[in-house]
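One structure is given below, encoded as structure tokens.
Just so we're clear, the structure is a prediction, and the values are computed from it rather than from any experiment.
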Amino acid sequence: MSCLGDLIKNKREAAGLSLKRLGTACGVSDSEIMKIENGSRKSPNWNTLCEISQTLDFHPFELLLAAGYITENDIHPNSQIHGLEKLCADDVKMVQLFIDFLAMRSGKNNISKEEH
């Protein structure tokens with residue numbers, strides 16, 4: 001089994017989903033999910049991997065890394081903040097204000113271009 005397949009299978013089983021339920025939720029067949037998990041699908045579709053990660057509630061970067069599509073060097077550190085997608089718009093603005101404050105305090109002038 002591939003690294004990618006192991007990752008998906010472990011996440012799927014942890015979520016309590018069968019191959020069929022995950023496939024249905026992602027809009028692909030359960031046999032496609034099985035092929036990805038057992039490594040017989042050598043180049044899974046990028047969109048399918050993103051659907052799988054969204055359904056299993058983790059960042060697609062994990063899958064893209066495991067699949068070898070990207071490396072750690074391809075991921076900007078700012079993109080590694082987890083959980084922002086679960087926040088409401090007001091909470092995201094609050095996080096941005098805090099980031100702006102930290103950047104200002106550290107002497108960096110990388111203040112957000114968004115108006116607050």
Side-chain angles (χ1 to χ4, degrees):
M1 195 177 300
S2 70
C3 232
L4 173 65
D6 287 339
L7 176 64
I8 292 171
K9 184 175 182 177
N10 291 337
K11 298 275 189 182
R12 177 181 59 77
E13 289 177 346
L17 295 176
S18 66
L19 290 167
K20 185 163 186 66
R21 284 187 62 201
L22 178 58
T24 299
C26 295
V28 298
S29 67
D30 54 335
S31 63
E32 180 64 17
I33 301 292
M34 185 177 64
K35 288 175 185 175
I36 294 170
E37 285 186 358
N38 69 24
S40 64
R41 174 69 66 226
K42 299 299 180 197
S43 298
N45 181 287
W46 187 85
N47 289 328
T48 300
L49 293 179
C50 288
E51 287 292 328
I52 290 170
S53 68
Q54 183 177 5
T55 300
L56 296 176
D57 197 29
F58 65 99
H59 202 285
F61 286 168
E62 286 185 63
L63 285 180
L64 297 174
L65 281 167
Y69 289 131
I70 61 174
T71 67
E72 291 285 343
N73 293 333
D74 295 322
I75 303 173
H76 191 280
N78 295 345
S79 301
Q80 296 180 11
I81 299 174
H82 301 286
L84 287 177
E85 69 281 356
K86 296 176 184 177
L87 300 178
C88 70
D90 287 340
D91 289 343
V92 171
K93 287 179 183 178
M94 183 64 68
V95 170
Q96 185 61 60
L97 285 172
F98 183 66
I99 291 168
D100 292 347
F101 167 75
L102 292 175
M104 181 186 68
R105 190 178 77 177
S106 70
K108 298 177 182 173
N109 287 332
N110 293 341
I111 304 299
S112 168
K113 293 178 184 169
E114 271 187 28
E115 292 184 22
H116 300 288

Report summary line: Between the CH2 atom in W46 and the CG atom in L64, the distance rounded to the nearest 0.5 Å is 6.5 Å
Requested in this report: Show your reasoning for whether side-chain contact (heavy atoms from CB on, under 4.5 Å) applies to I52 and V28.
Outcome: CA-CA 10 Å; I52 290 170; V28 298; 5.7 Å; no
Requested in this report: Heavy atoms only: give me the nearest L7-A66 pair and the separation to one decimal.
Outcome: CD2-CB, 4.0 Å
Query raised in the report: Which heavy-atom pair separates T55 from C26 by the least distance, and what is that distance?
Result: OG1-SG, 3.4 Å
Requested in this report: Of all the heavy-atom pairs spanning L56 and K11, show the shortest one and how long it is.
Outcome: CD1-CB, 3.7 Å
Query - Distance (rounded to the nearest 0.5 Å) between S18 OG and R12 CZ - result: 7.0 Å
Query raised in the report: Can you tell me how far the CG atom of L4 sits from the NZ atom of K42, to the nearest 0.5 Å?
Result: 11.0 Å
Query raised in the report: Short question: side chain of N10, backbone of D6 - any donor-acceptor pair under 3.5 Å?
Result: yes
Query - Gap separating the OG atom of S43 from the OH atom of Y69, nearest 0.5 angstrom - result: 5.0 Å
Report summary line: Rounding to 0.5 Å, atoms CZ (R41) and CD1 (I33) come to a distance of 11.0 Å
Report summary line: Nearest heavy-atom approach of L49 to L63 is O-CD1, 3.0 Å
Requested in this report: Could you tell me whether E13 atom CD has more than 12 heavy atoms of other residues or ligands within 6.0 Å of it?
Outcome: yes
Report task. Check for a donor-acceptor pair, side chain of T24 on one end and backbone N or O of R21 on the other, with a separation under 3.5 Å. Result -> no
Query raised in the report: In Å and rounded to the nearest 0.5 Å, what is the NE2 to OG distance from H59 to S53?
Result: 8.0 Å
Query raised in the report: Between the side chains of N47 and E51, does any donor sit under 3.5 Å from an acceptor?
Result: no
Report task. Return the minimal non-hydrogen interatomic distance between N38 and K35, and the atom names on each side. Result -> OD1-O, 3.0 Å
Report task. Apply the test side-chain contact (heavy atoms from CB on, under 4.5 Å) to residues Q96 and D100: give CA-CA distance (whole Å), side-chain angles for both, the deciding distance (0.1 Å), then the verdict. Result -> CA-CA 6 Å; Q96 185 61 60; D100 292 347; 2.8 Å; yes
Query raised in the report: Which heavy-atom pair separates E37 from L19 by the least distance, and what is that distance?
Result: OE1-CD2, 3.5 Å
